[in-house]
There are 2 protein chains.
Amino acid sequence: MHVAPERGRRAFDPLVALNAAKEVFWRHGYEGASLTDLTAAMGINKPSMYAAFGTKQELFEKVIQAYAADDMAYARAAMEQPTAYEVAAALLHDNAIAVTRPDCPPGCLSIQGGISTGPANSSVTEFLATSRLAGEALLADRFRRAIDTGDLPPGTDPAALARFLMIVTEGQAIHATAGVSRADLQASASLALLVFRSLSVSS
Amino acid sequence: MHVAPERGRRAFDPLVALNAAKEVFWRHGYEGASLTDLTAAMGINKPSMYAAFGTKQELFEKVIQAYAADDMAYARAAMEQPTAYEVAAALLHDNAIAVTRPDCPPGCLSIQGGISTGPANSSVTEFLATSRLAGEALLADRFRRAIDTGDLPPGTDPAALARFLMIVTEGQAIHATAGVSRADLQASASLALLVFRSLSVSS
DNA sequence: CGGCATCTTTACCGCTCGGTAAAGTTAGCA
DNA sequence: TGCTAACTTTACCGAGCGGTAAAGATGCCG
């Protein structure tokens with residue numbers, strides 16, 4: 001697993017190229033992004049792409065890793081808020097911002113990337129769905145701790161609450177791709193947060 | 001606009017074929033569904049498909065019409081409920097059912113069909129987004145009437161409320177494609193409906 | 001400066017895509 | 001029964017797909 005020392009140095013910055021590929025996948029999805037589109041945006045030819053990142057699917061996986069590390073950092077940060085309500089508020093409001101960045105395509109790469117694919121690429125769809133559910137499980141854990149500390153009422157279903165919030169973020173992402181404004185998405189986030197006022201009263 | 005009387009009769013049922021095409025588009029999306037996949041599922045050859053339905057895009061438009069008429073009937077029915085709360089409850093619960101039908105692909109054709117496409121088919125994405133927002137406008141109108149009749153508090157923002165509910169339905173659809181169960185989606189619907197308890201208290 | 005490992009470029013592979021021309025088949029009407 | 005209009009079948013089109021072989025440029029090291 002040792003990479004040989006490079007003799008003839010690479011003529012492009014892999015990080016810049018990866019970010020360019022990310023935007024193309026984000027806008028057109030895994031199958032909608034052709035290698036011609038991708039390499040044109042990356043400023044390199046197909047064999048260079050192949051040597052640096054592997055197959056199209058391997059490139060996509062690296063893009064997803066970069067996306068999770070950079071563009072999804074707000075979600076990890078939200079979970080560190082002191083109270084469950086603040087966790088939810090940060091998640092929903094920061095998601096409204098994330099899916100309407102003027103310097104990025106609208107929506108969320110995890111959904112745009114491959115919510116549906118042809119029969120040959122169903123593994124892409126499954127991989128993205130699994131990783132979204134993994135994030136939801138982390139959020140449920142956060143709410144479980146909130147129940148333990150008395151921050152949320154004992155009867156609360158932490159998994160259901162996490163699922164509801166993730167559903168809202170996904171709906172926000174879909175809405176963003178339809179051109180709905182950041183302000184309107186934040187209004188819906190505020191509306192969604194009203195459920196916290198009734199949590200203690202519900203079963 | 002008069003159709004010539006048919007001499008050599010068609011050897012397949014166009015409605016059955018259209019339903020078969022609907023399932024393929026629903027599962028694989030507009031671009032992920034190849035003409036080969038589509039015609040195989042429809043039980044006909046490409047020229048027959050072409051003669052009966054036109055181009056792939058025209059076939060897709062006819063599929064969407066059938067989908068709106070049949071599979072989205074629950075949404076129109078929900079809006080006829082007597083109170084705003086019952087409208088929302090019917091919409092969210094029936095949507096949870098609609099996106100998890102065992103005899104249909106998971107999720108919603110409007111999202112699966114083309115939430116992202118290659119550069120050549122962006123019109124499909126735009127068409128679907130526009131029709132989703134049209135449904136949302138109808139829902140906002142319904143809430144506007146509810147405010148007029150005193151069913152909803154005067155300070156309520158009908159467009160924001162409609163947007164929130166549509167966001168939830170879209171998130172449910174995405175969740176359904178990840179394999180989340182109907183019962184879990186209905187639990188999140190019940191959670192979302194809690195916002196109605198706080199509507200009078202919010203601005 | 002020569003040798004060579006590396007990267008980049010050009011050109012191309014087999015395959016599938018959406019779409020169609022033309023021949024073959026079917027059925028109603030005279 | 002034979003003509004004719006419609007539909008179906010077969011075979012194919014140019015274009016673009018993901019991926020790659022082979023030749024040409026580049027730069028470090030001895």
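Throughout, protein chains are lettered first and strands after them, A, B, ... in sequence-line order, and every chain is numbered starting at 1.
- Applying the salt bridge (charged side-chain N to carboxylate O under 4.0 Å, His left out) definition to pairs two or more places apart or across chains, those involving residues 19-36 of chain B are B:K22-B:D71, B:E23-B:R27.
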Check residues 162-169 of chain A and write down every donor-acceptor pair under 3.5 Å in which the side-chain atom is one partner and the other belongs to a residue at least two apart or another chain.
{"residue": "A:R163", "atom": "NH1", "partner": "B:D184", "partner atom": "O", "Å": "3.0"}
{"residue": "A:T169", "atom": "OG1", "partner": "A:M166", "partner atom": "O", "Å": "2.6"}

Every protein N/O lying under 3.5 Å from an N/O of nucleotides 12-14 of chain C:
none

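- B:N45 places no side-chain N or O within donor-acceptor distance of the main-chain N or O of B:P47, the cut-off being under 3.5 Å.
- In this structure, CZ of A:F12 is placed 10 Å from C1' of C:dT8, rounded to the nearest angstrom.
- As a whole-Å value, the separation of B:M49 CE from D:dT8 P is 13 Å.
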Pairwise N/O distances under 3.5 Å, protein to nucleotides 23-25 of chain D:
none

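- Under the rule for a ring-ring contact (aromatic ring centres under 6.0 Å, His included), the partners of A:F196 that lie at least two apart in sequence or sit in another chain are A:Y85.
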Determine, stepwise, if the pair A:V180 / B:L133 fulfils side-chain contact (heavy atoms from CB on, under 4.5 Å). CA-CA 9 Å; A:V180 172; B:L133 290 182; 4.1 Å; yes
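- Taking the side chain of A:Y50 as heavy atoms from C-beta on, and the options D:dT8, C:dT20, D:dG19, the nearest nucleotide is D:dG19.
- Contact annotation: A:S48 does not reach the phosphate of C:dC7 (side-chain N/O to OP1 or OP2, under 4.0 Å).
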For a quick test of your reading: what N or O donor-acceptor pairs under 3.5 Å do the side chains of residues 102-114 of chain B make, sequence neighbours left out?
{"residue": "B:S110", "atom": "OG", "partner": "B:R132", "partner atom": "NH1", "Å": "3.1"}
{"residue": "B:Q112", "atom": "NE2", "partner": "A:I115", "partner atom": "O", "Å": "3.2"}

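- Taking every heavy atom of residues 28-38 of chain B and every atom of DNA chain C, pairs under 4.0 Å involve B:A33, B:S34, B:L35, B:T36, by number.
- Rounded to whole Å, atom P of D:dT26 lies 14 Å from atom CG of A:N45.
- Among the candidates A:M42, A:E58, A:E61, the single residue satisfying the side-chain contact (heavy atoms from CB on, under 4.5 Å) test with A:F53 is A:M42.
- Within residues 51-62 of chain A, no residue approaches DNA chain C, by heavy-atom distance under 4.0 Å.
- The aromatic rings of A:F60 and A:Y30 stand perpendicular to each other, their planes meeting at an angle above 60°, with 30° marking the opposite boundary.
- If you measure from atom CG of A:D13 to atom P of C:dC7, you get 15 Å, rounded to the nearest angstrom.
- The backbone N or O of A:V195 sits nowhere less than 3.5 Å from a side-chain atom of A:S198 that would complete a donor-acceptor pair.
- Here salt bridge (charged side-chain N to carboxylate O under 4.0 Å, His left out) pairs that include residues 139-149 of chain B, with residues two or more places apart or in two chains, are B:D141-B:R144.
- Within the structure, salt bridge (charged side-chain N to carboxylate O under 4.0 Å, His left out) contacts touching residues 39-52 of chain A (residues at least two apart or in different chains) do not occur.
- Applying the salt bridge (charged side-chain N to carboxylate O under 4.0 Å, His left out) test to every pair with at least one member in residues 32-44 of chain A, sequence neighbours left out, gives no pairs at all.
- In this view, A:D151 satisfies the salt bridge (charged side-chain N to carboxylate O under 4.0 Å, His left out) rule with no residue, not counting sequence neighbours.
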